[in-house]
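Contents: one structure, followed by commentary.
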Amino acid sequence: MPRGRLFVVAGPSGAGKGTLIEELLRRYPTAWLSISATTRKPRRGESDGVQYFFLDEETFRARARAGEFLEWAEVHGSLYGTPRDSVKEHLEKGEDVILEIDVQGARQVREKVPDAVGIFVMPPSIEELERRLRGRGTESDCEIARRLRNAREESKASGEYRYVVVNDDLRRARKEICAIYEDESPL
Ligand code: ADP
Ligand code: 5GP
């Protein structure tokens with residue numbers, strides 16, 4: 001059984017990572033999206049074990065110390081990490097694993113898994129990013145301001161990725177991420 005491939009999708013909050021990954025999951029039954037652990041509070045509609053495993057900080061840090069995360073980082077004031085065992089299990093089953101993580105986590109994965117496929121999702125502009133974050137309606141004004149500040153810093157890391165997908169026209173960006181997936185997937 002061939003091993004699956006590891007895809008790392010990063011980019012500023014609101015750039016459209018989740019939207020593009022949804023398309024991959026819909027089109028390719030062999031793609032699996034890893035469920036991260038986080039200390040952030042669940043948003044309305046989120047439940048434990050579905051979008052994230054919601055942990056208190058003490059439990060998160062104990063698991064980090066025990067080496068249970070493939071990578072972890074502090075992002076927008078909360079801790080986020082990728083559970084190592086589930087990623088390994090899915091890759092061994094021959095499934096392709098997708099990590100939707102921040103740029104610090106992506107660097108850690110690149111160190112440990114050099115053949116992971118890095119995809120950076122870039123918004124067309126900061127103004128459009130702000131419109132999308134406001135339109136999504138999941139963060140407060142203060143939280144949106146923090147994410148926009150971080151976006152400028154994160155965007156500087158785009159050169160570290162094998163692929164950059166500019167998510168302006170959604171139809172085009174969806175086609176582009178699917179083409180990358182098909183080119184890179186051994187299946
Ligand atoms: P991320 O996962 O990177 O935080 P999302 O996928 O949640 O971003 O997208 C942020 C918001 O922007 C969502 O409301 C989504 O529907 C919208 N969106 C995503 N891509 C586009 C696009 N190409 N054009 C316009 N709106 C978009
Ligand atoms: P949100 O709180 O909007 O769901 O996610 C905020 C940020 O945390 C996003 O940039 C997302 O990619 C990042 N993130 C989510 N899960 C992980 C993870 O497991 N590790 C790291 N390093 N970042 C993550």
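From a predicted model like this one, the values you see are computed outputs, not experimental measurements. Order of listing sets the numbers, starting from 1, for every ligand and every atom in it. Reckoned from all heavy atoms, side chains included, excluding hydrogens, waters and symmetry mates.
A cation-pi arrangement is present between R110 and Y161 under the rule of less than 6.0 angstrom and at most 45 degrees off the ring axis.
For atom 6 (C) of ligand 2, the nearest protein heavy atom lies closer than 4.0 Å.
Residue Q104 does not touch ligand 2, judged by heavy-atom distances below 4.0 Å. Here W72 has no heavy atoms under 4.0 Å from ligand 2, in either its backbone or its side chain. With a 4.0 Å heavy-atom cut-off, ligand 2 is reached by the side chain of R147 but not by its N, CA, C or O. In K17, the part holding a heavy atom less than 4.0 Å from any atom of ligand 2 is the side chain. Contacts between D102 and ligand 2 below 4.0 angstrom, taking non-hydrogen atoms only, involve backbone and side chain alike. Counting heavy atoms closer than 4.0 Å to ligand 2, residue R43 contributes side-chain atoms (C-beta onward) but none from N, CA, C or O. Contact annotation: for D168 versus ligand 1, heavy atoms closer than 4.0 Å belong to the backbone alone. Under 4.0 Å from ligand 1, not a single heavy atom of A173 appears.
For atom 12 (O) of ligand 2, the closest heavy atom belonging to the protein is I101 C, 3.3 Å. In terms of protein heavy atoms, atom 14 (O) of ligand 1 is closest to R136 CB, 3.7 Å. Closest to atom 8 (O) of ligand 1 among all protein heavy atoms lies G16 N, 3.1 Å. Among all non-hydrogen protein atoms, the one lying nearest atom 23 (N) of ligand 1 is N167 OD1, 2.8 Å. For atom 11 (C) of ligand 2, the closest non-hydrogen atom on the protein side is E100 O, 4.2 Å. The protein atom (non-hydrogen) at minimum distance from atom 20 (N) of ligand 2 is E71 OE2, 2.7 Å. Among protein heavy atoms, the minimum distance from atom 16 (O) of ligand 1 is reached at T19 OG1, 4.2 Å. Summary of contacts: the protein heavy atom closest to atom 16 (N) of ligand 2 is S36 OG, 3.2 Å.
With values rounded to the nearest 0.5 angstrom, W72 atom CH2 is found 6.0 Å from L79 atom CG. With rounding to the nearest 0.5 angstrom, the OH atom of Y52 is 14.0 Å from the NZ atom of K41. For the atom pair CD of E23 and CZ of R174, the computed distance is 5.0 Å after rounding to the nearest 0.5 Å. Atom CZ of R149 and atom CD1 of I144 lie 12.0 Å apart (nearest 0.5 Å). Between the CD1 atom in I180 and the CG atom in L20 there is a gap of 9.5 Å [rounded to 0.5 Å]. A distance of 7.5 Å separates NZ in K112 from CD in E71, rounded to the nearest 0.5 Å.
Close approach of ligand 1 to P12 (heavy-atom distance below 4.0 Å) involves ligand atoms 3 (O). Ligand-side atoms of ligand 1 in range of S13: 4 (O), range being under 4.0 angstrom from any heavy atom. Less than 4.0 angstrom separates some heavy atom of K17 from each of these atoms of ligand 1: 1 (P), 2 (O), 3 (O), 4 (O), 6 (O), 8 (O). Each of the atoms 22 (N) of ligand 2 lies under 4.0 Å from some heavy atom of G105.
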Quick one, C178 with K175, criterion side-chain contact (heavy atoms from CB on, under 4.5 Å). Give me CA distance, side-chain angles, the key distance, then yes/no. CA-CA 5 Å; C178 288; K175 270 196 198 152; 5.9 Å; no
Go through it in stages, so that I can follow the logic: the residues are E176 and Y163, the test is side chain to side chain donor-acceptor pair (under 3.5 Å), and I'd like the CA-CA distance, side-chain angles, deciding distance and then a yes or no. CA-CA 10 Å; E176 209 170 303; Y163 299 96; over 6 Å; no
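Under a 4.0 Å heavy-atom criterion, Y52 is in contact with ligand 2. Assignment of G14 to the shell around ligand 1 is supported, since a heavy atom sits closer than 4.0 Å. Judged by the shortest distance from any of its heavy atoms, G137 lies outside the 4.0 Å radius around the atoms of ligand 1. No heavy atom of G11 sits closer than 4.0 Å to any atom of ligand 1.
Side chain of N167 to backbone of A15: a donor-acceptor contact under 3.5 angstrom is found.
For ligand 1, the polar-atom distance check against D169 finds no nitrogen or oxygen pair separated by under 3.5 Å. Residue contacts with ligand 2: Y80 is placed with a nitrogen or oxygen under 3.5 Å of a nitrogen or oxygen of the ligand (distance criterion only). Looking at ligand 1, you'll find an N or O of G18 within less than 3.5 Å of one of its N or O atoms. Close N/O approach between G81 and ligand 2 is found [any backbone or side-chain N/O within under 3.5 Å]. Considering backbone and side-chain atoms together, R40 places an N or O closer than 3.5 Å to an N or O of ligand 2.
Between the side chains of R40 and T38, no donor-acceptor pair of N or O atoms lies under 3.5 Å. For the residue pair R147/S13, the side-chain donor-acceptor check at 3.5 Å is satisfied.
In this structure, Y181 has its ring center under 6.0 Å from that of F7. The aromatic ring centroids of F60 and Y80 lie 6.0 Å or more from each other.
Nearest-heavy-atom check against atom 25 (C) of ligand 1 across R131, R132, E100 picks out R132.
Checking each of L99, I98, I101 against V9 for a side chain to side chain contact (heavy atoms under 4.5 Å, CB included) leaves exactly one that passes, namely I98.
Enclosure of atom CZ in R171 is not indicated, since only 12 or fewer non-hydrogen atoms of other residues, nucleotides or ligands lie within 6.0 angstrom.
Using a 4.0 Å cut-off between charged nitrogen and carboxylate oxygen, E58 and R61 do not count as a salt-bridge pair.
Of all heavy-atom pairs spanning D115 and R5, the tightest one is O-NH2, 2.9 Å.
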